[in-house]
Structure formats: structure tokens, C-alpha cells
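Structure record follows, encoded as C-alpha cells.
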Amino acid sequence: MSTAVHLRGLRRVFGTRAVLDGVDLDIERGEFVALLGASGTGKTTLLRILGALDRPDGGTVLVPEARTIVFQEPRLVPSKRVLGNVVVGLPRGAAVQERGRRALAEVGLADHSRAWPHTLSGGEAQRVALARALVREPELLLLDEPFAALDALTRLRMQDLVGDLVRTHRPAVLLVTHDVDEAIRLADRVAVLKDGRLVTDERVAARRPRDAADPEFTALRRRLLADLGVRLPAPEPGDEQEKAGRPSEGAIR
């Protein structure tokens with residue numbers, strides 16, 4: 001593998017506060033990294049810098065030119081049908097339209113190409129946003145809490161879909177999330193951002209498909225929550241709540 005993202009000493013300052021204060025991070029091509037942190041710790045700022053939507057105040061930032069972002073909101077154009085949203089901004093032509101249709105098929109919306117955005121469910125709209133990102137064949141895919149507004153079941157289905165698509169297309173991926181379980185379920189590595197720096201960057205050892213009852217999943221979950229400032233009580237023998245790894249405990253705000 002080769003390096004897709006290379007950050008050294010990244011700084012971003014707002015007023016007198018250094019939101020990012022010397023961040024070092026590498027992401028290899030085809031690698032999935034999840035970034036955790038409490039609200040206001042600079043996760044989205046870091047993602048926006050990688051996506052060229054914000055500027056650094058210092059440090060080295062090397063990223064591929066081919067990169068796309070999927071936000072929490074689908075950000076579809078109301079006046080364009082679904083296929084038009086997928087290929088928006090791309091050159092016109094039959095080949096691009098066909099690429100758009102293939103992308104919709106990959107996200108399970110092959111029969112929605114002529115639908116209007118207002119007719120879609122939240123999960124469907126987010127699938128369109130994902131297809132719009134993938135049709136551009138990015139070397140770096142940036143995901144800014146893309147499932148946060150979805151109900152629990154749709155969220156799990158979207159996580160599975162993203163995992164499958166990433167393994168097929170092999171971009172480098174940075175997922176910003178508050179959900180520890182989501183990070184462990186999807187990522188190859190999980191990093192924690194705190195006080196402007198990465199305090200954790202750990203590879204996920206649990207085997208796929210990952211189960212919250214897996215002892216390696218549970219142990220990593222506890223370590224990450226501790227790094228985020230959440231101390232769980234020591235599990236009692238046979239404690240089913242601990243084994244289940246409930247999402248409500250794994251979400252940090």
C-alpha cells in the first residue's frame with residue numbers, strides 16, 4: 001500500500017484557541033480510519049482541511065486530488081432528479097449517465113434514478129449522497145457523521161453498505177463519528193482526538209463481521225471510552241449489558 005493522507009504538525013487556530021495543535025496522521029490507500037472525539041474537539045475541522053474546505057495554520061498536509069465528502073445531511077439539489085444529483089458537476093454524456101446508474105445500483109437504488117429528492121426517505125437520500133461520492137472514483141473518501149440523522153436500524157444497514165462499498169472500491173477513508181461502536185464496527189484503525197492532538201491511534205484486531213459481544217471488541221470499546229473521558233464500571237461476570245455493547249453507551253457528545 002502507498003500513503004494517501006500524510007499529516008505532520010497540523011495546526012488550526014481560532015482566535016487564541018488551537019483546535020488542532022500538532023496532529024500527525026497517515027492513512028494508507030484502501031485503509032479505513034475512524035476519528036472519535038467529543039463535540040468541539042476539531043474532528044470536523046480536520047476533515048474539512050483534508051477536503052480543502054478549510055485551511056491549516058501550520059504543518060504539512062498531503063492528500064490526493066481525487067477526494068469527496070459525504071456529510072450528515074445528504075445535500076441533494078431539490079430541482080434535480082436522483083440521477084442528476086449523482087452526476088451533478090460531471091461532464092454531460094451517455095458514459096457519465098451510465099456511471100451514475102451503476103453507482104445507484106451499487107447503493108440499491110437502481111429503480112430510483114428518476115425520483116425527486118423530496119420523495120426519498122432519509123436513508124435513501126443518504127444512499128444517493130454516497131453514490132454521488134463514489135461515482136467520482138475518489139482516492140480519499142471523507143465521511144462526516146453520515147449516519148447520525150438516521151434511525152438505528154437504517155444506520156446499521158448503512159454501515160454495512162458503506163463497509164461493503166469501501167472494500168470494493170478501496171479508497172482511503174476517514175470517518176468522523178461520535179459513536180464508538182460504529183468506529184470499531186467499520187474501521188481498520190480508530191483514532192481519538194483530544195485537546196487538539198491524537199491521543200489514541202489503535203488498529204482494530206476484532207475479526208469481521210464484528211460483534212459487540214466479542215471480547216476484543218468490548219476491550220477496545222472500554223479503552224476508547226476511557227480515552228474519551230468515560231469510565232465504565234468494571235463488568236460483573238455474566239453482565240449481558242456489557243456483552244451487548246449498547247449503542248447508547250458508545251455515543252459521545
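We're numbering straight along the sequence, starting at 1. Quick caveat: nothing in here was measured; it's all calculated off a predicted structure.
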How about [X] and [Y]: do any of their side-chain heavy atoms sit closer than 4.5 Å?
| X | Y | result |
| --- | --- | --- |
| Phe217 | Asp181 | yes |
| Arg102 | Arg99 | yes |
| Ile184 | Leu224 | yes |
| Val166 | Leu186 | no |
| Asp211 | Glu216 | no |
| Leu174 | Leu46 | yes |
| Asp24 | Asp201 | no |
| Phe14 | Thr45 | yes |

Where do [X] and [Y] come nearest, in terms of heavy atoms and distance?
| X | Y | answer |
| --- | --- | --- |
| Glu106 | Leu161 | O-CD1, 3.8 Å |
| Trp116 | Ser79 | CZ3-O, 3.3 Å |
| Gly42 | Val19 | CA-CG1, 3.3 Å |
| Val204 | Arg210 | CG1-CZ, 3.4 Å |

Drop me the distance from [X]'s [atom1] to [Y]'s [atom2], to the nearest 0.5 angstrom.
| X | Y | atom1 | atom2 | result |
| --- | --- | --- | --- | --- |
| Arg223 | Thr218 | CZ | OG1 | 10.5 Å |
| Leu83 | Leu109 | CG | CG | 11.5 Å |
| Asp151 | Met158 | CG | CE | 11.5 Å |
| Ile49 | Arg11 | CD1 | CZ | 11.5 Å |
| Glu182 | Arg185 | CD | CZ | 9.0 Å |
| Arg12 | Leu20 | CZ | CG | 8.5 Å |

I'd like to know if [X] pairs up with [Y] as an ion pair, taking the criterion as any Lys NZ or Arg NE/NH1/NH2 lying under 4.0 Å from an Asp or Glu carboxylate oxygen.
| X | Y | answer |
| --- | --- | --- |
| Asp144 | Lys43 | no |
| Arg157 | Asp160 | no |
| Arg208 | Asp188 | yes |

Taking a hydrophobic cluster as the set of Ile, Leu, Val, Met, Phe, Trp and Tyr residues connected by side-chain heavy atoms closer than 4.5 Å, whether directly or through intermediates, do [X] and [Y] fall within one such cluster?
| X | Y | value |
| --- | --- | --- |
| Leu35 | Leu143 | no |
| Val33 | Val192 | no |
| Val190 | Leu198 | no |
| Leu76 | Val96 | yes |
| Leu7 | Val13 | no |

Using atom types as modelled and distance alone, determine if a side-chain donor or acceptor of [X] lies under 3.5 Å from a backbone N or O of [Y].
| X | Y | answer |
| --- | --- | --- |
| Asp214 | Ala206 | no |
| Thr3 | Ile27 | no |
| Arg155 | Leu150 | no |

For residues 59-73, tabulate all N or O donor-acceptor pairs below 3.5 Å that involve a side-chain atom, not counting sequence neighbours.
unit_1, atom_1, unit_2, atom_2, d
Arg67, NE, Leu50, O, 2.7
Arg67, NH1, Pro64, O, 2.8

> Checking side chain to side chain contact (heavy atoms under 4.5 Å, CB included) for the pair Thr177/Leu36: CA distance, chi angles, key distance, verdict?
Replying inline: CA-CA 6 Å; Thr177 180; Leu36 292 166; 3.8 Å; yes
> Do Val162 and Phe147 pass the side chain to side chain contact (heavy atoms under 4.5 Å, CB included) test, and can you show the C-alpha distance, the side-chain angles, and the key distance before you say yes or no?
Replying inline: CA-CA 10 Å; Val162 166; Phe147 318 124; 3.5 Å; yes
>> Let's go through Glu31 and Asp26 carefully: what are the C-alpha distance in whole Å and the side-chain angles of both, what is the deciding distance for side chain to side chain contact (heavy atoms under 4.5 Å, CB included) to 0.1 Å, and is it a yes or a no?
In response: CA-CA 10 Å; Glu31 188 174 31; Asp26 288 325; over 6 Å; no
Run the side-chain donor-acceptor check on residues 127-142: report pairs under 3.5 Å with partners two or more places apart or on a different chain.
unit_1, atom_1, unit_2, atom_2, d
Arg127, NH1, Val107, O, 2.6
Arg132, NH1, Arg75, O, 3.0
Arg132, NH2, Pro74, O, 2.7
Arg136, NH1, Val86, O, 3.0
Arg136, NH1, Arg132, O, 2.7
Arg136, NH2, Val88, O, 2.1
Glu139, OE1, Arg29, NH1, 2.3
Glu139, OE1, Arg29, NH2, 3.4

>> Assess the residue pair Leu25 and Arg189 against the criterion (side chain to side chain contact (heavy atoms under 4.5 Å, CB included)); give the C-alpha distance rounded to whole Å, side-chain angles, the decisive distance to 0.1 Å, and a yes or no.
In response: CA-CA 11 Å; Leu25 177 68; Arg189 286 162 48 209; 3.5 Å; yes
